[in-house]
Amino acid sequence: MQDAETVSKDFIRDIIDDDLRTNKYQGRVHTRFPPEPNGYLHIGHAKSICLNFGIAQDYKGLCNLRFDDTNPAKEEEEYVQSIKDNVKWLGFDWEDRLFFASDYFQQMYEYAVQLIKAEKAYVDDQTADKIAETRGNLTTPGTNSLYRDRTVQENLDLFEGMKAGVFADGQKVLRAKIDMSHPNLNMRDPIMYRILHATHHNTGDEWCIYPMYDWAHGLEDSIERITHSICTLEFENHRPLYDWFLDALGVYHPQQIEFARLNLTFTVMSKRLLLQLVDEGLVAGWDDPRLPTISGMRRRGYSPSSIRTFCKRIGVAKFNSMVDFEFLEYCVREDLNKTAPRFMGVLRPLKVVLENYPEGRTEELDAVNNPEDPSMGSRKIPFSKVLYIEQDDFMENPPKDFYRLAPGREVRLRYAYFIKCTNVVKKDGKVVELHCTYDPATKGGYAPDGRKVKSTIHWVSADQAVTAEVRLYDRLFTIKDPAGEKGRDFKQFLNPTSLEVLSDCKVEPAVQALKSSDRLQFERLGYFCVDPETTPQHLVFNRTVELRDSWVKKQKASQKT
RNA sequence: AGCCCCGUAGUGCAGCGGUUAGCACAAGAGACUCUGGAUCUCUAGACACCAGUUCGAAUCUGGUCGGGGCUGCCA
């Protein structure tokens with residue numbers, strides 16, 4: 001499906017329009033998505049992916065996938081693979097433009113030599129502590145390093161030594177010579193290279209000096225002839241540095257543009273915090289369906305197009321915002337409503353015996369696969385004397401606005417017959433079985449006498465029912481902004497009931513034809529998908545999202561008053 | 001505190017000197033319905049504040065207030 005819809009342009013596209021008008025980049029539009037492979041991508045990254053690849057599509061330009069792998073201490077091959085998978089799954093194609101910052105290490109090194117020769121960079125022997133100390137702070141300027149005025153030759157020799165591995169980690173750094181009293185801290189002689197005797201996922205042990213983000217990123221963009229380098233707001237203060245390096249080198253100079261990152265209610269959106277949840281076993285892994293990771297959402301049952309639509313609709317701006325989780329849910333429901341085949345399944349079964357239905361008889365009834373899309377056809381569902389219905393669909397003493405099944409009440413079984421409850425079987429005060437009568441004249445769900453029922457409920461024939469496991473997910477946290485509580489550990493806000501496993505669910509036999517990751521709707525319950533752990537002997541479904549439920553909403557509203 | 005960025009319904013965005021300030025979600029009411037789903041209709045709800053420029057300001061300017069970012073050899 002397409003996500004085309006009329007959305008007005010954002011400020012970034014306005015800038016691009018201007019640049020096109022003034023022919024700033026000879027009509028080119030070239031963006032990039034530059035993740036660091038130090039974790040799994042999340043919905044916030046999806047926003048950036050949709051922005052960067054989306055702009056390239058809109059303007060018939062190009063978008064590169066580039067791994068910003070300048071820190072071997074944190075980066076791993078597993079992450080590279082997952083990121084590639086995620087971008088592809090979201091529906092974007094980098095074609096032959098898969099790049100790594102580490103591919104440019106040699107060229108960056110040569111650029112650094114160029115800066116040294118121009119007396120714009122120097123090797124500093126100070127310790128990390130000393131460098132931090134002499135940087136000054138928000139209100140007081142920093143002070144110059146006493147190694148700041150080394151000769152070009154001395155710097156060249158030392159830098160070569162750094163590269164050759166003659167120094168230990170932290171013993172020396174290469175710094176840009178800018179201004180230790182600059183009001184922007186980032187401009188106080190920022191570090192360009194640090195020594196790290198670590199094995200890099202891509203370059204192995206070839207290098208023991210690694211470039212810092214500020215030095216590397218602009219070069220990567222410049223080398224790839226990026227036109228618009230789009231990043232998040234926290235890099236705003238780094239833009240002067242980005243510009244300074246490229247100007248000092250006199251190389252091709254893209255434009256950095258910053259936008260606000262996505263925040264979602266009831267979750268956390270930081271790789272560091274997500275890593276904690278995974279490492280401490282608080283969730284089942286990076287693809288735990290409760291996580292806002294792309295892999296987690298995929299396993300939860302979100303479709304790529306629903307995520308793309310969401311990213312498009314939230315827009316892009318320059319102020320920090322917090323998007324309601326419900327909005328994401330709205331986007332999946334909207335998509336799945338049109339695309340997911342319907343089935344019947346009972347989560348918490350309540351046995352129903354039809355007293356007047358012949359023993360041993362079975363019928364095949366017609367059911368529509370998707371009322372929103374007739375082209376999806378129909379299927380047969382078995383019907384017999386003993387059925388299961390949802391426990392929630394029966395109340396012994398119902399309030400008057402409950403219009404499902406109750407003693408003496410008649411309801412419709414979807415695609416089947418009208419039934420009326422005649423008797424309630426209880427055990428230890430708990431309802432364990434219902435006796436009902438069915439009206440043979442209402443086959444297919446219509447009464448020839450035109451009488452109406454208040455509600456239609458779902459059911460499964462007991463003999464043919466397949467037992468399945470269903471995993472119900474709820475929000476991972478109990479408060480809107482768990483990471484925003486100052487001085488408190490976000491983990492104390494974890495929702496203890498974010499996962500509920502039901503192991504005795506009864507589903508109609510047709511679901512056995514579904515494959516891993518297939519998405520579906522269990523009528524009246526919500527959208528689900530087949531978990532990868534499913535086997536023919538043991539079906540496992542994940543609930544993606546519930547259907548909107550005005551009955552539940554009503555109940556909650558009345559509870560409050 | 002210094003520097004930078006930003007303030008439009010509950011939420012997310014649009015509005016680019018003249019609009020009854022628009023859209024979507026959420027909320028409320030109703031219609032329809034073999035999913036209390038979907039769909040349709042309607043309702044309520046915002047320019048942070050104060051000056052100035054202008055015939056005219058949500059839009060331009062200055063100030064006030066409020067929010068965010070920055071003091072890693074992370075990105």
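A stem is defined here as three or more consecutive Watson-Crick or G-U pairs, each with both distances under 3.5 Å; for RNA chain B these stems are B:2-7 with B:65-70, B:10-13 with B:22-25, B:27-31 with B:39-43, B:48-52 with B:60-64.
Across B:rA46 and B:rA58, the matching C1' atoms stand 10 Å from one another, rounded to whole Å. Comparing the same atom, C1', in B:rU54 and in B:rG17 gives a spacing of 9 Å after rounding to whole Å. B:rU35 and B:rA44 have their C1' atoms separated by 30 Å, given to the nearest Å. The same atom, P, is picked in B:rA26 and in B:rA38; the two are 9 Å apart, to the nearest Å. Taking atom C1' in both B:rU71 and B:rC4, one finds a spacing of 14 Å when rounded to whole Å. To the nearest whole angstrom, the two C1' atoms, one in B:rC25 and one in B:rC3, are 37 Å apart. Between B:rA9 and B:rA48, the two C1' atoms lie 14 Å apart (nearest whole Å). Across B:rG10 and B:rC73, the matching P atoms stand 43 Å from one another, rounded to whole Å.
Not counting sequence neighbours, A:Arg548 has no partner by the salt bridge (Lys or Arg N to Asp or Glu O under 4.0 Å) test. Residues satisfying the side chain to side chain donor-acceptor pair (under 3.5 Å) test with A:Tyr388, not counting sequence neighbours, are none. Checked against side chain to side chain donor-acceptor pair (under 3.5 Å), A:Arg519 has no partners two or more places apart in sequence or in another chain. With sequence neighbours excluded, the residues satisfying side chain to side chain contact (heavy atoms under 4.5 Å, CB included) with A:Pro211 are A:Thr70, A:Phe105, A:Met108, A:Tyr193, A:Trp215, A:Ala216.
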Hey, mind stepping through A:Ser306 and A:Ser303 against side chain to side chain donor-acceptor pair (under 3.5 Å) and telling me if it holds?
CA-CA 5 Å; A:Ser306 67; A:Ser303 61; 3.1 Å; yes
Side chain to side chain donor-acceptor pair (under 3.5 Å), that's the test. Do A:Glu390 and A:His458 meet it? Break it down for me.
CA-CA 7 Å; A:Glu390 204 70 57; A:His458 59 276; 2.8 Å; yes
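Within 4.0 Å (heavy atoms only), A:Lys553 reaches sugar-phosphate atoms of the nucleic acid but no base atom. Counting non-hydrogen atoms under 4.0 angstrom, A:Val368 reaches nothing in the nucleic acid. Using a 4.0 Å heavy-atom criterion, one finds that A:Gln521 contacts the bases of the nucleic acid, with or without backbone contacts as well. Within 4.0 Å of A:Phe402, counting heavy atoms only, lies at least one base atom of the nucleic acid. Among the atoms of the strands shown, base atoms are found under 4.0 Å from some heavy atom of A:Thr139. Residue contacts for A:Pro240: at a heavy-atom cut-off of 4.0 Å it reaches no nucleic acid atom on any strand shown. Counting any heavy atom pair closer than 4.0 Å across all strands shown, A:Arg188 reaches no nucleic acid atom.
Using a 4.0 Å cut-off between a side-chain N of Lys or Arg and a carboxylate O of Asp or Glu, A:Arg239 and A:Asp214 do not qualify as a salt bridge. With respect to the salt-bridge test (charged N to carboxylate O, under 4.0 angstrom), the residues A:Glu326 and A:Arg475 qualify.
Between A:Gln126 and A:Ser145, the side chains place a donor N or O and an acceptor N or O closer than 3.5 Å (distance only, hydrogens not considered). A side-chain N or O of A:Ser375 and one of A:Asp373 form a donor-acceptor pair less than 3.5 Å apart.
Screening residues 410-420 of chain A for side chain to side chain donor-acceptor pair (under 3.5 Å), with sequence neighbours left out, gives A:Glu363-A:Tyr417, A:Glu410-A:Arg451, A:Arg412-A:Thr456, A:Arg414-A:Glu523. Pairs engaging residues 266-275 of chain A under the side chain to side chain donor-acceptor pair (under 3.5 Å) rule: A:Asn38-A:Lys271 [sequence neighbours left out]. Identified under the salt bridge (charged side-chain N to carboxylate O under 4.0 Å, His left out) test for residues 179-201 of chain A, with sequence neighbours left out: A:Arg148-A:Asp189.
Going from atom CD1 of A:Ile381 over to atom P of B:rU35 covers 14 Å, rounded to whole Å. Regarding A:Glu390, its CD atom lies at a distance of 15 Å from the C1' atom of B:rG37, rounded to whole Å. Atom NZ of A:Lys312 and atom C1' of B:rA14 are 16 Å apart (whole Å). Atom CD of A:Glu326 is separated from atom P of B:rA24 by 19 Å (rounded to the nearest Å). Atom CD1 of A:Ile15 and atom P of B:rC16 are 17 Å apart (whole Å). In this entry the distance linking CG of A:Leu328 with P of B:rA24 reads 19 Å, nearest Å. Between the CH2 atom of A:Trp459 and the P atom of B:rU35 there is a distance of 15 Å, given to the nearest Å. Atom CG in A:Asn184 sits about 19 Å away from atom P in B:rA1, given to the nearest Å.
Looking at every heavy atom in both residues, A:Glu508 comes nearest to A:Met344 through OE2-N, 2.7 Å.
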Which pairs, protein N/O on one side and nucleotides 71-75 of chain B N/O on the other, fall under 3.5 Å?
{"from": "B:rG72", "atom 1": "OP2", "to": "A:Arg135", "atom 2": "NH2", "distance (Å)": "3.4"}
{"from": "B:rC73", "atom 1": "OP1", "to": "A:Arg135", "atom 2": "NH2", "distance (Å)": "3.4"}
{"from": "B:rC73", "atom 1": "OP2", "to": "A:Arg135", "atom 2": "NH1", "distance (Å)": "3.3"}
{"from": "B:rC73", "atom 1": "N4", "to": "A:Gln126", "atom 2": "O", "distance (Å)": "3.2"}
{"from": "B:rC73", "atom 1": "N4", "to": "A:Ala128", "atom 2": "N", "distance (Å)": "3.2"}
{"from": "B:rC73", "atom 1": "N4", "to": "A:Gly170", "atom 2": "O", "distance (Å)": "3.2"}
{"from": "B:rC74", "atom 1": "OP2", "to": "A:Arg194", "atom 2": "NE", "distance (Å)": "3.0"}
{"from": "B:rC74", "atom 1": "OP2", "to": "A:Arg194", "atom 2": "NH2", "distance (Å)": "2.9"}
{"from": "B:rC74", "atom 1": "O3'", "to": "A:Arg194", "atom 2": "NH2", "distance (Å)": "3.2"}
{"from": "B:rC74", "atom 1": "O2'", "to": "A:Asn71", "atom 2": "ND2", "distance (Å)": "3.2"}
{"from": "B:rA75", "atom 1": "OP1", "to": "A:Thr70", "atom 2": "OG1", "distance (Å)": "2.7"}
{"from": "B:rA75", "atom 1": "OP1", "to": "A:Arg194", "atom 2": "NH1", "distance (Å)": "3.3"}
{"from": "B:rA75", "atom 1": "OP1", "to": "A:Arg194", "atom 2": "NH2", "distance (Å)": "3.0"}
{"from": "B:rA75", "atom 1": "OP2", "to": "A:Tyr213", "atom 2": "N", "distance (Å)": "3.0"}
{"from": "B:rA75", "atom 1": "O3'", "to": "A:Asp68", "atom 2": "OD2", "distance (Å)": "2.8"}
{"from": "B:rA75", "atom 1": "N6", "to": "A:His238", "atom 2": "NE2", "distance (Å)": "3.3"}

What are the atom names and distances for every N/O pair under 3.5 Å that joins the protein to nucleotides 5-11 of chain B?
{"from": "B:rC5", "atom 1": "O2'", "to": "A:Glu236", "atom 2": "OE2", "distance (Å)": "3.2"}
{"from": "B:rU11", "atom 1": "O3'", "to": "A:Met322", "atom 2": "O", "distance (Å)": "3.1"}
{"from": "B:rU11", "atom 1": "O2'", "to": "A:Met322", "atom 2": "O", "distance (Å)": "3.3"}

Listed pairs, N/O of protein and of nucleotides 38-40 of chain B, under 3.5 Å:
{"from": "B:rA38", "atom 1": "OP1", "to": "A:Arg548", "atom 2": "NH1", "distance (Å)": "3.4"}
{"from": "B:rA38", "atom 1": "OP2", "to": "A:Arg548", "atom 2": "NH1", "distance (Å)": "3.4"}
{"from": "B:rA38", "atom 1": "O2'", "to": "A:Asn337", "atom 2": "ND2", "distance (Å)": "3.2"}
{"from": "B:rA38", "atom 1": "O2'", "to": "A:Glu372", "atom 2": "OE1", "distance (Å)": "3.2"}
{"from": "B:rA38", "atom 1": "O2'", "to": "A:Glu372", "atom 2": "OE2", "distance (Å)": "3.1"}

Within the sub-3.5 Å range, which N or O atoms of nucleotides 57-60 of chain B have a protein N or O partner, and how far apart are they?
none

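Using a 30° and 60° split on the angle between ring planes, A:His201 and A:Phe100 fall in the tilted class, from 30° to 60°.
Each of A:Tyr403 and A:Phe11 was assigned the nucleotide of RNA chain B with the nearest heavy atom; the assignment lying further toward the 5' end belongs to A:Phe11.
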